[in-house]
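Structure record follows, encoded as structure tokens.
Throughout, numbering of the chain's residues begins at 1 and tracks the sequence.
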Amino acid sequence: MSSLEQARELLGEFPVVDGHNDLPWALREQVRYDLAARDIAVHQNAHLHTDIPRLREGGVGAQYWSVYVRSDLPDAVPATLEQIDCVRQLLARHPAELAPVLTAADMEAARREGRIASLMGAEGGHSIANSLGTLRGLYALGVRYMTLTHNDNNDWADSATDEPNVGGLSAFGREVVREMNRLGMLVDLSHVAVTTMRDALDATSAPVIFSHSSSRAVCDHPRNIPDDVLERLPGNGGMAMVTFVPKFVLQAAVDWTAAADENMRAHGLHHLDTSPEAMKIHRAFEERNPRPVATVSTVADHLDHMREVAGVDHLGIGGDYDGTAFTPDGLNDVSGYPNLIAELLDRGWSRSDLAKLTWQNAVRVLGAAEDVARELQGTRGPSNATIGELDG
């Protein structure tokens, strides 16, 4: 049996839990949530990285759908609610394929049913508008992790890709972490500054996740995780979910992306814009400046290093599909996960290690957060602290 055949067999039993997919934002940008215009029941290769046939082909058993909104939007809360509504509409349209999931037990039930467990993650603390009541509202609507920042700082946490502001987490930021622990909402440290990572690990009483981040030692990008933080994951019980975005995993792509982003800004466009107009400008730039290409092996290099530093019990996968303009060769869309598992098999990863990477670690971490929440809810009620009270 070939490595690829072995990979597919393994994924049949222990499918991928992917930590981050931006399909809802792509649906907002492309068709303003007209789900019939991008019917994911059929192949959408020309428009999207994600559809149900390719999720099945890729061996995906659970997906955290990102309910991301840009941090420069003036109305982040209603926009986040629209994103949540999009996920709910998707689940209602495809009940035989997509299972609404809130708990680790729900994930296992969906796996037994052969449905894709569907969870939600809010990408950026700006989505709560400095309100712990809004945080609780998002949890009540099904959001099970929140990334503390996106690309920009918010009032209480520093981002990896912005100038330092509060020096990590402010007092209110630490209260946000504590309230997330009390709810059972996972603290996601992708996108945050290293100071914020360390502060969050100091403040949390539950496991954290990195929903889509790779190794800074392998590729020196501020979105990646330094080794000293990876070394803390065993003590915390959390996990780092490796991402596939070439500009985060391949050093040559880091430098190329900086030039490509500057080109976008020179044309008056946001550097994360994936609209047809923006992609036309991207393609023209790429014709003049050939893009360095990441591969399955590039991603596997990160996983090898992260396993060495953090241990296999603390790793997962977060591809960031439909949130990036470019993908590695062999991981072109959500059908590509078997190629990564086959590569790891060829590198000597055991079946038990791969089962942890794909499924078991993510289920364990969510379950552990639920356990912590039950304990905390027995000792304290909801926090009504405000940023004004705590940060002045």
Side-chain angles (χ1 to χ4, degrees), residues 16 18-58 60 62-73 76 78-94 97-98 116 118-124 126-127 142-143 145 147 150-151 190-191 211-212 241 243-248 257 260-261 264 269-283 317-328 331-337:
V16 168
D18 184 275
H20 195 86
N21 184 300
D22 277 302
L23 176 66
W25 184 258
L27 292 170
R28 172 192 169 105
E29 292 289 277
Q30 292 184 21
V31 293
R32 191 59 198 180
Y33 303 127
D34 180 355
L35 303 188
R38 292 286 185 273
D39 183 5
I40 64 166
V42 297
H43 279 280
Q44 293 292 337
N45 307 56
H47 306 289
L48 299 167
H49 294 142
T50 310
D51 51 52
I52 290 169
R54 284 181 289 170
L55 287 167
R56 292 299 194 186
E57 187 181 346
V60 177
Q63 181 66 67
Y64 278 96
W65 303 108
S66 175
V67 291
Y68 156 79
V69 300
R70 274 172 43 177
S71 50
D72 59 355
L73 286 182
T80 302
L81 296 179
E82 289 177 357
Q83 289 281 90
I84 292 169
D85 182 66
C86 174
V87 174
R88 290 183 155 198
Q89 288 189 53
L90 285 170
L91 299 183
R93 283 177 67 90
H94 308 288
E97 301 285 352
L98 304 178
I116 299 167
S118 292
L119 307 98
M120 287 185 280
E123 191 176 16
H126 59 286
S127 290
V143 173
Y145 76 64
T147 322
H150 192 245
N151 286 338
S190 287
H191 279 287
S211 66
H212 57 308
M241 307 178 88
T243 194
F244 302 163
V245 181
K247 66 182 179 181
F248 302 152
T257 300
D261 289 351
M264 290 286 281
L269 295 169
H270 192 280
H271 68 278
L272 294 178
D273 195 339
T274 56
S275 66
E277 177 193 3
M279 293 310 296
K280 183 178 179 180
I281 290 168
H282 259 311
R283 284 190 290 271
I317 296 171
D320 203 9
Y321 285 116
D322 285 305
T324 178
F326 305 112
T327 56
L331 295 168
N332 307 77
D333 55 43
V334 295
S335 69
Y337 300 98

Distance from Leu55 atom CG to Glu97 atom CD, nearest 0.5 Å?
9.5 Å

Taking the side chain as everything from C-beta on, heavy atoms only, tell me whether Phe244 gets closer than 4.5 Å to Ile317.
yes

Mind listing the closest non-hydrogen atom pair of Asp322 and Asp22 along with its distance?
O-CB, 3.4 Å

Is it the case that atom CD in Glu277 sees more than 12 heavy atoms from other parts of the structure closer than 6.0 Å?
no

So which heavy atom on Ala278 is nearest to which on Met264, and how close?
CB-CE, 3.5 Å

Between Ser66 and Trp25, is any side-chain donor less than 3.5 angstrom from a side-chain acceptor?
no

Are Ser211 and Tyr64 packed together at the side-chain level, in the sense that at least one heavy-atom pair is separated by less than 4.5 angstrom?
no

What's the separation between atom CG in Asp85 and atom CG in Leu81, rounded to the nearest 0.5 Å?
9.0 Å

How are the rings of His150 and His191 set to each other: parallel, tilted or perpendicular (split at 30° and 60°)?
tilted

Between the side chain of Asp320 and the main-chain N/O of Thr243, is any donor-acceptor distance below 3.5 Å?
no

If you take all heavy atoms of Arg28 and Ala79, which pair is closest and at what distance?
NH1-CB, 4.0 Å

Considering all heavy atoms, the nearest Ala122-Val67 contact:
CA-CG2, 3.6 Å

So do the side chains of Ile40 and Thr50 get within less than 4.5 Å of each other, counting heavy atoms only?
no

With side chains defined as the heavy atoms from C-beta onward, is the minimum distance between Gln83 and Tyr33 less than 4.5 Å?
yes

When you measure from the side chain of Glu123 to the backbone N and O of Thr147, does any donor-acceptor pair fall under 3.5 Å?
no

What I'd like to find out is whether the side chain of Leu27 reaches to under 4.5 Å of the side chain of Leu90, using heavy atoms alone.
yes

Minimum heavy-atom distance between His282 and Ala260, given as atom pair plus value:
CE1-CB, 4.3 Å

Over all atoms of both residues, closest heavy-atom pair of Ser127 and Ala76
CA-CB, 4.4 Å

Please confirm whether the backbone N or O of Val69 pairs with a side-chain atom of His126, one donor and one acceptor, at under 3.5 Å?
yes

Straight-line distance of His94 NE2 to Asp39 CG, nearest 0.5 Å
5.5 Å

Note, Arg32 side chain near Asp34 side chain (heavy atom, < 4.5 Å):
no

Member of Thr324, Leu331, Asn332 meeting the side-chain contact (heavy atoms from CB on, under 4.5 Å) criterion with His49:
Thr324

Rounded to the nearest 0.5 Å, what separation is found between the CG atom of Leu98 and the CZ atom of Arg88?
14.5 Å

Check whether His270 reaches the backbone of Leu272 with its side chain - one donor and one acceptor, N or O, closer than 3.5 Å.
yes

Under 3.5 Å, is there a donor-acceptor pair between the side chain of Tyr145 and the main chain of Gly121?
no

Donor-acceptor check, side chain of Asn21 to backbone of Gln63, threshold 3.5 angstrom: yes or no?
no

Between OH on residue Tyr337 and CZ on residue Arg54, distance to nearest 0.5 Å:
11.0 Å

I'd like to know if the side chain of Gln30 reaches the main chain of His47, judged simply by a donor and an acceptor atom lying under 3.5 Å from each other, with no hydrogens or angles considered.
yes

How long is the span from the CH2 atom in Trp65 to the CD1 atom in Ile116, to the nearest 0.5 Å?
7.0 Å

